[in-house]
Structure formats: C-alpha cells, structure tokens
Amino acid sequence: MNMMKINQTVLQEFILVGFSVYPHVQTFLFVFFFCLYVLTLTGNLAILGLTWLDRSLHTPMYLFLSALSFSETCYTLAIVPKMLADLLAKTRRISVIGCGFQMCFFLGLGGTNCIILTLMGYDRFMAICNPLKYPLLMTNIVCGQLVASAWAGGFFISLVETALIFRGSFCRPNLVKHFFCHMRAVMRLSCIDGDLTEFIVTVISVSGLLGTFLLIFLTYVLILSTVLRIPSAEGKQKAFSTCASHLTVVIIHFGFASIVYLKPEASGGDDTLIAVPYTVITPFLSPVIFSLRNKDMKNAFRKVVGKTAALKK
C-alpha cells in the first residue's frame with residue numbers, strides 16, 4: 001500500500017531520457033543537430049524574406065509556401081532548442097505543464113503542416129485543372145483564410161489529444177523515454193488504464209495523417225489526368241515542374257511521419273531514433289527542396305543579392 005501511494009504521488013516534472021542512452025556520442029549529436037537546426041532556420045527564414053521582398057512571389061503558391069516555412073520554423077522551435085540544451089545538460093528535466101505545452105505545440109504545428117501541404121496540393125490542382133477560374137477563386141484573401149483554417153484545425157485536434165493524455169495523473173518512475181514529450185512515451189506513465197486513451201489518440205492522429213495524405217493523392221490523380229490530356233510535351237513538362245517540389249516534400253513528410261505514427265506499439269525499435277527524421281530531418285529538407293528546385297526562388301534570391309550589392313557600391 002505504501003508503495004502504491006508513492007507511485008501515485010502527483011508528479012511535478014518528467015525526466016527526458018532522450019539520447020542519454022548514447023553517452024559516447026552526445027557531443028557529436030549536439031554538433032550535428034545544431035548545424036541542421038541553423039540551416040533549417042536559415043532556409044525557412046530565407047523563403048519568408050524572399051516572399052516578402054519580391055512582389056512577383058505574392059501569389060497563392062508562394063503564400064502557401066511562406067506559411068509552411070513559418071509553421072515549420074515554429075515546429076522546430078518547439079522541439080530542437082530543448083533537445084540541444086539536454087544534450088549538454090546533466091539533468092534533462094521538464095515540468096508536467098511544460099511537457100503539456102510542448103506536446104500541444106508539437107502536435108498542433110505538425111497537424112498544421114499536414115493541412116498546409118494539402119492546401120498547396122489544392123492550389124496546384126486549381127492552377128492546372130481550372131486555370132480560367134484560378135485567379136478568381138484563389139485570391140490572396142482566400143489563401144489567408146485557408147491558412148488560418150489550417151492553424152485552427154491543427155490546434156483544435158492538438159488540444160483534444162493533449163487534454164485526453166493529461167486528464168489523469170502520472171505514476172513514477174517519471175522517465176519519458178524520448179528526447180521530447182512524445183504522446184506515446186508520456187501515455188505510458190499514466191496511472192489510469194491508458195489503453196482506451198491511447199486508442200482514441202492514435203485513431204485521431206492516424207485519421208488526420210491518412211486523411212490529408214489521401215486528399216493530396218486524389219488531387220494528384222486529378223492533376224495527372226489533366227496533364228496527360230495536354231497535347232504538347234513542353235506543356236506537360238511545365239505543368240509537372242510546378243508540382244515537383246511539393247510532391248517531393250509530401251513524400252518525405254508523410255513517409256517519415258507514417259513510420260512514427262503507424263508503427264505498432266509492440267513492434268520494438270528505438271522510438272527516439274525513429275523520431276529524428278520526422279522532427280529534425282524533414283524540416284531541414286523542405287526549404288532546401290523548395291529553394292533548389294524552384295526557378296522563381298532562385299531569381300528572387302539573385303535580385304535581392306543584386307540590389308544589396310548595388311546599395312553597397
């Protein structure tokens with residue numbers, strides 16, 4: 001009975017086990033993740049800056065891209081700085097309230113990213129399949145409303161999931177076997193029977209992930225059927241080129257996310273390492289792909305560099 005009382009003591013903080021199980025590579029991991037983080041911030045901020053400065057990029061396609069870059073910047077801010085600090089710290093503590101906020105922002109921004117990627121697919125569908133109606137239907141005001149809806153939808157789902165996970169108390173030991181407050185790792189510490197909660201949260205997450213992916217898949221089926229009817233090879237190539245970057249990011253984003261959220265609980269494997277591609281690698285690759293494979297972004301960058309050089313002279 002005494003042991004049960006101790007185990008059910010209301011916890012004030014968690015300890016993030018994270019990469020402490022790999023003590024000999026802490027410094028290497030810090031340098032590696034820090035460099036990726038700096039490059040990620042640089043890439044996303046560059047996209048935001050170029051979209052803001054170059055008026056030729058004030059179109060729905062690039063407004064959605066800048067919204068994705070801003071969302072991914074916030075997404076990495078919710079996870080990476082704490083992870084970097086913990087790699088250098090002896091104790092990796094986080095309060096229960098802080099853990100809840102981190103989880104809420106991580107899930108909310110992850111959901112927002114999925115919805116914005118879906119909206120970007122819808123934008124390409126309208127531009128290719130309904131080019132005459134596109135300027136009338138996809139105005140900047142409509143794009144702003146859609147982005148606001150993406151944030152509202154992502155955080156509504158996040159608040160529901162976080163509230164379900166934190167509605168009960170947590171038992172000792174207070175060790176979260178992850179480098180951030182991942183929902184599965186935290187749910188394992190719940191004092192109440194968490195099977196039903198885990199099932200509901202998993203269904204919500206998987207439904208959101210698969211739902212947005214299927215919408216994007218359907219969008220590209222319709223785009224492909226339209227492009228194949230274009231008579232000239234040059235027209236087909238031009239249509240496909242506007243979708244290449246988005247499609248590449250979608251495959252990477254949902255591919256890594258599916259490994260994390262569709263992995264069975266009993267399948268084994270280190271959840272910490274499995275989450276690295278989704279939380280660190282994907283946000284780094286997205287701005288790289290959108291920048292290197294996009295002529296408009298390259299031209300905007302050359303214009304800004306040219307203007308800066310002219311001002312210095």
Side-chain angles (χ1 to χ4, degrees), residues 6-22 26 29-30 33 37 71-114 151 154-206 208-209 257 260-261 263 265 270-280 282-283:
I6 293 172
N7 286 341
Q8 293 182 0
T9 302
V10 177
L11 294 180
Q12 300 296 322
E13 64 181 13
F14 294 121
I15 297 175
L16 299 172
V17 176
F19 297 103
S20 62
V21 294
Y22 308 105
Q26 298 280 298
L29 289 174
F30 175 83
F33 290 139
Y37 184 52
S71 178
E72 287 199 330
T73 300
C74 298
Y75 176 80
T76 54
L77 281 171
I79 299 295
V80 181
K82 173 64 176 171
M83 179 187 69
L84 291 173
D86 286 345
L87 283 170
L88 299 179
K90 292 183 179 179
T91 59
R92 300 166 172 84
R93 302 178 185 276
I94 184 171
S95 67
V96 173
I97 295 175
C99 184
F101 275 111
Q102 186 188 60
M103 183 185 297
C104 183
F105 277 99
F106 172 75
L107 294 174
L109 292 164
T112 300
N113 289 344
C114 290
W151 278 78
F155 274 91
F156 174 75
I157 295 172
S158 170
L159 286 170
V160 171
E161 291 180 319
T162 306
L164 285 171
I165 294 169
F166 282 84
R167 64 189 174 89
S169 57
F170 298 95
C171 292
R172 295 183 182 276
N174 59 338
L175 302 177
V176 177
K177 296 182 179 179
H178 220 295
F179 61 85
F180 70 100
C181 288
H182 189 274
M183 58 182 189
R184 278 187 174 179
V186 175
M187 279 191 291
R188 293 179 188 133
L189 304 182
S190 178
C191 293
I192 62 175
D193 184 9
D195 290 342
L196 179 60
T197 301
E198 183 172 355
F199 174 76
I200 295 172
V201 171
T202 301
V203 167
I204 294 173
S205 299
V206 172
L209 191 67
V260 176
Y261 291 100
K263 182 180 79 71
E265 180 71 18
D270 190 338
D271 287 346
T272 301
L273 295 179
I274 291 173
V276 168
Y278 184 56
T279 55
V280 181
T282 300

With a 4.5 Å heavy-atom cut-off, do I79 and Q102 have their side chains touching? yes
Under the disulfide bond (SG atoms under 2.5 Å apart) test, which residues partner C114, sequence neighbours left out? none
Just verifying a value: how many Å separate D86 CG and I94 CD1, rounded to the nearest 0.5 Å? 8.0 Å
Say whether, by atom type as modelled, one donor and one acceptor occur between the side chain of T202 and the main chain of E198 under 3.5 angstrom. yes
What residues form a ring pair (Phe, Tyr, Trp, His ring centres under 6.0 Å) with F166, not counting sequence neighbours? F170
Drop me the distance from L107's CG to I157's CD1, to the nearest 0.5 angstrom. 10.0 Å
Got a second to check how far I15's CD1 is from T91's OG1, nearest 0.5 Å? 8.0 Å
Residues passing the side chain to side chain donor-acceptor pair (under 3.5 Å) test with S71, sequence neighbours excluded, are N113
Which heavy atom in C99 sits nearest to a heavy atom in V186, and how many Å separate them? SG-CG2, 3.9 Å
How would you list, by chain and number, every residue that makes a side-chain contact (heavy atoms from CB on, under 4.5 Å) with L159, sequence neighbours excluded? C104
Side chain to side chain, L196 and I200, heavy atoms closer than 4.5 Å: yes
How many angstroms lie between atom CZ of R92 and atom CZ of F19, to the nearest 0.5 angstrom? 10.0 Å
Grab the two heavy atoms, one from L16 and one from K82, that are nearest each other, plus how far apart they are. CD1-CE, 3.9 Å
What heavy-atom pair brings L29 and L87 nearest, and what distance separates the two atoms? C-CD1, 4.0 Å
How close do A185 and V176 get, counting heavy atoms only, and between which atoms? CB-CG1, 3.7 Å
To the nearest 0.5 angstrom, please state how far the CD atom of Q26 sits from the CG atom of L88. 8.5 Å
So, using ring pair (Phe, Tyr, Trp, His ring centres under 6.0 Å) as the criterion, who are the partners of F106 when residues are at least two apart? Y75, F180
Nearest heavy-atom pair of L175 and V17: which atoms, and what distance? CB-CG2, 3.9 Å
Under 3.5 Å: donor-acceptor pair, side chain of S190, backbone of M187: no
Is there side-chain contact between S205 and L209, with heavy atoms separated by less than 4.5 Å? no
At what distance, to the nearest 0.5 angstrom, does OG1 of T279 lie from NE2 of H178? 7.5 Å
Below 6.0 angstrom between ring centroids: does that apply to F179 and F33? no
Heavy-atom check, side chain of Y37 versus side chain of P81, under 4.5 Å: yes
Can you list everything that forms a ring pair (Phe, Tyr, Trp, His ring centres under 6.0 Å) with F155? Sequence neighbours excluded, please. F105, W151
Do any N or O atoms from the side chain of E13 and from the backbone of R93 form a donor-acceptor pair under 3.5 angstrom? no
